[in-house]
Every structure is written in structure tokens, then in C-alpha cells.
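Keep in mind that what you see is a predicted model, and the values were worked out from it rather than measured.
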Amino acid sequence: MGTWSRFNIASIVLGFGFLYLPIVLLVIFSFNESKLVTVWAGFSTKWYTQLWHNQALLDAAWVTIRVALISATCATVLGTLAALALVRFTRFRGRMLFSGMVYAPLVMPEVITGLSLLLLFVAIGLDRGFWTITLAHITFTMCFVAVVVQSRLLSFDQSIEEAALDLGATPVRTFFAITLPVIAPAVFSGWVLAFTLSLDDLVISSFTTGPGATTLPMKIYSQVRLGVTPEINAICTILIGIVAIGVVVASIVTKQREAQRERDERAAFAQSGAGEAPRLA
């Protein structure tokens with residue numbers, strides 16, 4: 001029956017069902033009328049209304065959003081610089097160590113990362129709270145940004161930068177005028193990835209948190225241990241929506257930037273060809 005046999009189709013259906021059916025059920029039961037999350041009693045949005053009156057969850061959500069915005073922005077800047085160093089400077093003393101330190105959080109268990117950061121903060125006498133969580137999130141999300149940006153830099157045409165330098169532009173001006181606009185889709189994708197990872201982190205946040213710095217995943221976990229409530233389903237549905245919208249926006253922006261870049265390249269080649277035609281004639 002070719003590639004699409006019954007076994008392949010059944011494997012795909014079961015695989016996607018195993019991954020996404022619990023999420024679909026969570027979203028459906030967030031609109032449940034009943035307080036019992038396993039018994040459907042009719043459609044209702046009252047749990048979303050009550051959610052806005054739950055000050056504890058709102059405070060935790062505000063802390064999470066602030067941590068995610070700050071850590072994603074800082075991680076994007078540091079990750080982009082790290083990717084530039086690894087791609088453009090292939091030979092410098094300590095490159096192997098630097099590369100290993102950048103990519104270590106990718107393979108390091110979160111428990112080890114969280115415990116190591118906790119011991120570091122205790123050793124230097126830094127009070128645990130909002131900023132320790134933010135520093136921890138910057139540490140483990142920076143490597144993801146570096147991977148995304150590095151993959152784009154590897155296919156970057158450096159002759160464009162060389163042309164700008166030959167025309168008198170400084171390296172800094174060349175970076176902001178030429179390099180950064182070209183790799184902007186990858187930088188934005190890295191920011192969205194870092195924001196998403198920070199938004200739903202639980203393990204590292206649990207190790208590095210302190211008084212008054214409870215993130216939303218930590219708050220949800222503490223409440224789920226006492227029993228799942230419809231409000232938990234509602235807030236989880238909102239998180240799923242935020243992440244889904246972020247992924248869709250990142251994909252659209254990336255495709256638009258790539259299409260615009262291709263159109264600009266075709267226009268540049270067309271202009272260069274038109275300029276050379278009279279000379280050839």
C-alpha cells in the first residue's frame with residue numbers, strides 16, 4: 001500500500017492523540033459548568049471570570065510575565081553575541097571551553113542547573129527572589145537563542161558585509177545596518193523560544209525562588225497537589241493560547257522576512273544586470 005500503510009497512519013494518529021488529546025480535554029473542561037473537572041455539566045465561562053478575581057494567581061502571572069520578558073530580552077542579546085563569536089571567530093584561545101559553557105544548559109538536567117545556581121546564589125550571599133529567578137532563566141535560555149541564531153549565521157552571505165566595509169562603513173554600523181536586519185527573523189524566533197521556556201519553567205524556578213517571587217507554574221503546581229480546580233484549567237488554557245499565538249506570530253514574521261529578503265535579492269540582481277547590459281552592448 002505504499003508509504004502510507006495502515007500501520008503508519010495508526011501510529012501517527014496514536015502518537016498525536018497521546019500528545020495533544022490531554023491538552024484538548026483540558027481546554028474543553030475549562031469551559032465546564034461543574035466544579036468537578038471530570039464531570040461535564042454544560043458550557044460556561046464563569047471560571048474565566050472568577051480567575052480575574054483570584055489575586056494570588058494574578059500576582060503569580062504578573063511575576064511570570066515580568067521574568068519572561070526580562071530574561072528573554074537579555075538572553076536574546078547574549079545569545080546573539082555568543083552565536084556571532086562562535087561563527088565569526090573560529091579560532092581563539094578558549095573557544096572549546098566557551099562553546100561548551102554556552103551549550104551546557106542544553107544537555108544539563110534542570111535539577112542540576114537549578115541546584116548549581118542555588119548554591120551559587122547562597123555562596124555569594126545574594127537574596128533569592130525575583131532577580132535570582134531572572135538570572136537563572138537568562139542562564140538556561142541563552143543557549144537556545146545561540147543555537148537558533150547560529151544556524152542562521154552559518155548560511156549568511158558575508159560578502160554583503162564585506163561590501164559595506166569596503167564602502168566605508170564601520171563594523172558596528174555594518175552590524176546594525178546589514179547583519180542584524182538579515183538575521184532578525186532568527187533573533188525574533190530565539191526571543192519567542194526563550195520567552196516560552198521562561199514562561200513555563202518550574203524546576204529551576206523552584207530552586208532559585210524566594211519570598212514574594214512565586215511564578216505561575218509554581219503556583220499551579222502547589223494548587224494541583226491539593227486537587228485540580230476549573231480555575232487551573234482556565235489559566236492553563238490561557239497559557240496555551242499565549243504560547244500558540246507566539247509560535248504562529250514568529251512563524252509568520254519569519255516567513256515574511258525571508259520572502260522580503262528573496263524579493264530584495266532578486267531586485268538587486270535585476271538592477272545589477274540592467275546596469276551591466278549597456279556596457280556589454
Please evaluate residues L193 and V145 with respect to the criterion side-chain contact (heavy atoms from CB on, under 4.5 Å), reporting the C-alpha separation (whole Å), side-chain torsions for both, the decisive distance (0.1 Å), and the verdict.
CA-CA 7 Å; L193 180 59; V145 178; over 6 Å; no
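In summary, the aromatic rings of Y48 and W52 are positioned with their centroids too far apart to meet the 6.0 Å limit.
If you chain together ILVMFWY residues whose side-chain heavy atoms come under 4.5 Å of each other, M218 ends up grouped with L202, Y221. Other residues sharing the hydrophobic cluster of F207, ordered by chain and number and joined by side-chain separations under 4.5 Å: V111, L115, L118, L119, V122, V203.
Within the structure, ring pair (Phe, Tyr, Trp, His ring centres under 6.0 Å) pairs that include any residue of residues 112-138 comprise H137-F140 (at least two apart or interchain).
Side-chain contact check for I240 versus L26: some heavy-atom pair is nearer than 4.5 Å. Taking the side chain as every heavy atom from C-beta outward, V172 and F175 never approach each other to under 4.5 Å.
Applying the side-chain hydrogen bond (donor to acceptor under 3.5 Å, both in side chains) test to N233 and every residue at least two apart in sequence or in another chain returns nothing. Residues satisfying the salt bridge (Lys or Arg N to Asp or Glu O under 4.0 Å) test with E110, not counting sequence neighbours, are none. For R66, there are no salt bridge (Lys or Arg N to Asp or Glu O under 4.0 Å) partners, not counting sequence neighbours. With sequence neighbours excluded, no residue forms a ring-ring contact (aromatic ring centres under 6.0 Å, His included) with W47. Scanning for side-chain hydrogen bond (donor to acceptor under 3.5 Å, both in side chains) contacts around T196 gives an empty result, with sequence neighbours left out. By the ring-ring contact (aromatic ring centres under 6.0 Å, His included) test, F43 pairs with F31, sequence neighbours left out. The side chain to side chain contact (heavy atoms under 4.5 Å, CB included) check on A60 picks up L216, K219, with sequence neighbours excluded. Shown here are the salt bridge (Lys or Arg N to Asp or Glu O under 4.0 Å) partners of E231, two or more places apart in sequence or in another chain: there are none. Listed by chain and number, the residues in a side chain to side chain contact (heavy atoms under 4.5 Å, CB included) with I245 are V249 (sequence neighbours excluded).
Of the candidates L199, L197, I204, I204 is the only one forming a side chain to side chain contact (heavy atoms under 4.5 Å, CB included) with D201.
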